[in-house]
Amino acid sequence: IKKNNINMKQKYILNLKFLIVLFITFSIFLSFNKVIYGANEEDSSKNNNNTYEIKNLKENTTIINQKYNDPLKSFNLNKNGYSSKFIPDISFVMDFSYVNRNIKDSEYENIRVNGFYRFTPEMHNINQNMGFNLNYGELYLSSAVDPYFDLQVTLPFSDEGVELEEAYFVTKFIKSLQLKGGKFRSSFGRINYQHPHMWDFNEYPLVYTSFLGPDGLVDTGIQVSYLLPLNFYLLAGFELLQNGSENSFGTNNFTINTKIDNTGNDLNVLGPNKPNVKTYFLKTSFDINNLTILTGISLANSSSRIENFPLDYQTNYLVGKSDIIDYELTAKYFIDSNRYLSLQGEYLTRKLKGDLYYYDNLGDLNINNFSSNQSGYYIQGVYKLNQNYRIGIRYDNLSKNNISLNNISLSVNDNIYENLSRITLMIEYNFTEFSRIRLEYSNNNAAFINGIKRNYNQFSINFNMAIGYHAAHQF
């Protein structure tokens, strides 16, 4: 066993050296090209100025001559017979990675943190496997429907097929008031509404994975937001969502037998009325010279039907109510047009109350009063050094894990732990705004494999590319 551990450690160090050498080689090559081609572009731009001015003058003259002579102008039709305004903005974003960690995939797939989360095939949908991963390919469609509505569609592609992640409309005809309807990412919190390619780090914060699942709060429903008529920015909003994340909410019906071998009587537990989840948010932003502050608070509450809540009871059902509160803060200091320093963090609390249905050692069904008070947070800093390079660090912590059954608190004897952490380091090179390469290292101290606490390290190198027209991201 000792020999195998030494071989695994040597292989792990060799792979790490390979990733570092690869990243340094890329950086040197890109810097060298920038020096050579940057000078050539500066010389060629001077020679092209006069040509551009003459060409621009000819084009303007042609436009003026045709303005009233084109009989199809009023219909906004081009020579092919269709309007360019009816063609939506289309873009595609792909993320590809190589991953190395010092635990096997079979161990990684058995990770569970009691009270917070258990592994599912969808739990780690980015950098899931050792070796190469095609993490996602997402197609984005957006367009103005007419003067009253915009439409946005997001279609993720995977080996299993394609799904409809988002499809929603937003109104634009009522000043300061906006209605959104369809399937969309909730505006709960800060990072929830962001797609993965917008993240500063490759993986979701631990507290988000625990409370809202690997995809966050994405659901069908409506959102109403109102920009208050004040002399500073203050946005208030409300959402009504159909189901919510199964990690904290859920709407399934349960049929539970009083015996684990199904020889007893069936109990039917109905799901809650739909729509099930209500969210509220209040957000503000202000500037202090070159410093921009964005902060806010969000609340989500609903009835809960959670199957197999992460506890030692392998088969259980939680029936109750859930409340989650999110406090967010983002501060970004702009040094100049190419450099900035940003600090971002969120603190989430979750309270669950209800009844836990589970089977004891004899296979009999027990129904106990259940309550929990849990919290976690992340804080991250990112420094953009120049037009190409960014570096960053993030600290995750699952800080509180108070769980009670029949008013008796569970403890470490029940594998209930708290103050579980993960630290992540990131260095990123952006070729342009459409392509980047990112190298990350993380040390995870918040994992239990087969009931044993494990600390593991992970290295990843991610390539992210985008094509087509993609609207600027929100601040």
Side-chain angles (χ1 to χ4, degrees), residues 106-123 206-207 209-213 243-272 276 301-324 349-376 398-420 446-454:
S106 58
E107 295 176 306
Y108 187 68
E109 293 171 1
N110 281 303
I111 288 178
R112 183 180 70 193
V113 181
N114 275 356
F116 286 107
Y117 71 90
R118 70 171 74 237
F119 183 92
T120 65
E122 299 80 18
M123 182 60 71
L206 288 175
V207 65
T209 301
S210 301
F211 292 172
L212 299 177
N243 299 300
S245 165
E246 294 183 358
N247 287 49
S248 294
F249 310 118
T251 56
N252 293 331
N253 300 323
F254 297 147
T255 299
I256 310 170
N257 197 275
T258 55
K259 295 287 186 179
I260 195 170
D261 58 3
N262 292 323
T263 58
N265 300 319
D266 286 337
L267 300 179
N268 294 318
V269 179
L270 298 179
N276 182 44
N301 62 57
S302 77
S303 297
S304 299
R305 301 291 186 272
I306 304 175
E307 184 174 358
N308 290 331
F309 187 80
L311 291 171
D312 283 346
Y313 312 110
Q314 293 299 316
T315 301
N316 66 73
Y317 304 87
L318 179 59
V319 180
K321 292 185 177 296
S322 176
D323 293 284
I324 303 177
T349 66
R350 177 177 70 175
K351 292 184 179 181
L352 285 166
K353 290 186 177 181
D355 294 319
L356 183 71
Y357 296 70
Y358 67 95
Y359 295 101
D360 59 22
N361 295 331
L362 299 178
D364 295 325
L365 182 67
N366 287 259
I367 305 176
N368 285 353
N369 179 264
F370 176 94
S371 66
S372 71
N373 186 358
Q374 301 166 292
S375 63
L398 300 175
S399 55
K400 183 189 290 186
N401 194 13
N402 295 338
I403 297 178
S404 299
L405 288 179
N406 287 340
N407 297 319
I408 300 175
S409 297
L410 302 184
S411 65
V412 293
N413 294 328
D414 305 290
N415 290 321
I416 299 297
Y417 293 85
E418 55 188 26
N419 286 322
L420 304 172
F448 291 79
I449 301 174
N450 297 324
I452 301 174
K453 193 172 187 296
R454 292 287 299 271

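This chain uses plain numbering: 1 for the first residue, then up along the sequence.
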With a 4.5 Å cut-off on side-chain heavy atoms, are Thr258 and Leu267 touching? yes

Over all heavy atoms of both residues, which pair between Ser372 and Ile403 is shortest? Give the atoms and the distance, please. CB-CG1, 4.0 Å

Any salt bridge linking Lys259 with Asp364? Criterion: basic side-chain nitrogen under 4.0 Å from a carboxylate oxygen. yes

Heavy atoms of Thr209 and Asn247 approach each other most closely as O-ND2, 3.2 Å

Closest heavy-atom pair and its distance - Lys321, Ser303: NZ-OG, 3.3 Å

Within the 4.5 Å heavy-atom criterion, are Asn252 and Glu246 side-chain neighbours or not? yes

Residues in side-chain hydrogen bond (donor to acceptor under 3.5 Å, both in side chains) contact with Asn401, at least two apart in sequence or another chain: Gln374

Any sub-3.5 Å donor-acceptor pair from Asn308's side-chain atoms to Asn316's backbone N or O? yes

Do the side chains of Asp355 and Phe370 get nearer than 4.5 Å, heavy atoms only? no

Inspect the surroundings of CG in Asp266 and state if more than 12 heavy atoms from other residues, nucleotides or ligands are less than 6.0 Å away. yes

Interatomic distance, Ile256 atom CD1 to Tyr359 atom OH [nearest 0.5 angstrom]: 6.5 Å

Starting at OG of Ser371, measure out to CG of Asn402 and round the result to the nearest 0.5 Å. 9.0 Å

Given side chains that start at C-beta, do those of Phe309 and Leu352 come closer than 4.5 Å, heavy atoms only? yes

How about Tyr357 and Phe254: are their ring centroids closer than 6.0 Å? no

Of all residues at least two apart in sequence or in a different chain, which pass the side-chain hydrogen bond (donor to acceptor under 3.5 Å, both in side chains) check with Lys400? none

Ignoring hydrogens and angles, tell me if any N or O in the side chain of Arg305 forms a donor-acceptor pair with the backbone of Leu270 under 3.5 Å. yes

Short question: side chain of Asp360, backbone of Leu362 - any donor-acceptor pair under 3.5 Å? yes

Asn450 and Asn110: CA distance, side-chain angles, deciding distance, side chain to side chain donor-acceptor pair (under 3.5 Å) verdict: CA-CA 7 Å; Asn450 297 324; Asn110 281 303; 4.5 Å; no

Under a 4.5 Å cut-off applied to non-hydrogen side-chain atoms, are Tyr317 and Ile367 in contact? no

Sub-3.5 Å donor-acceptor pair from the side chain of Asp323 to the main-chain atoms of Lys351, do we have one? no

Between Asn369 and Asn406, is the side chain to side chain donor-acceptor pair (under 3.5 Å) condition met? List the steps. CA-CA 5 Å; Asn369 179 264; Asn406 287 340; over 6 Å; no

Is it the case that over 12 heavy atoms from other parts of the model lie below 6.0 angstrom from the NZ atom of Lys453? yes

With rounding to the nearest 0.5 Å, note down the distance linking OG1 in Thr349 to CG in Asn373. 7.0 Å

List the steps, then state whether side chain to side chain donor-acceptor pair (under 3.5 Å) holds for Asn243 with Thr251. CA-CA 6 Å; Asn243 299 300; Thr251 56; 2.9 Å; yes

Note, Ser399 side chain near Asn419 side chain (heavy atom, < 4.5 Å): yes

Give me the atom names and distance for the closest heavy-atom approach of Gly213 to Ser245. N-OG, 3.9 Å

Looking only at heavy atoms, which two atoms of Ile111 and Tyr117 are closest? And how far apart? CG2-OH, 3.9 Å

I'd like to know whether Tyr417 forms a ring-ring contact (aromatic ring centres under 6.0 Å, His included) with Phe448, so could you lay out the CA-CA distance, the side-chain angles of the two residues, the decisive distance to 0.1 Å, and finally the verdict. CA-CA 10 Å; Tyr417 293 85; Phe448 291 79; 4.9 Å; yes

Chi angles and distances behind the side chain to side chain donor-acceptor pair (under 3.5 Å) call for Asn114, Arg112: CA-CA 6 Å; Asn114 275 356; Arg112 183 180 70 193; 3.0 Å; yes

Can you find a heavy atom in the side chain of Ile324 that is under 4.5 Å from one in the side chain of Ser248? yes

Does the side chain of Ser322 come within less than 4.5 Å of Phe249's, by heavy atoms? yes

Nearest-0.5 Å distance, CZ of residue Arg454 to OH of residue Tyr108: 13.5 Å

Side chain to side chain contact (heavy atoms under 4.5 Å, CB included) for Phe211 and Leu398? Distances and angles first, verdict last. CA-CA 11 Å; Phe211 292 172; Leu398 300 175; over 6 Å; no

If you apply the rule side chain to side chain contact (heavy atoms under 4.5 Å, CB included), what do you find for Leu311 with Leu356, and how did you get there? CA-CA 11 Å; Leu311 291 171; Leu356 183 71; 3.9 Å; yes

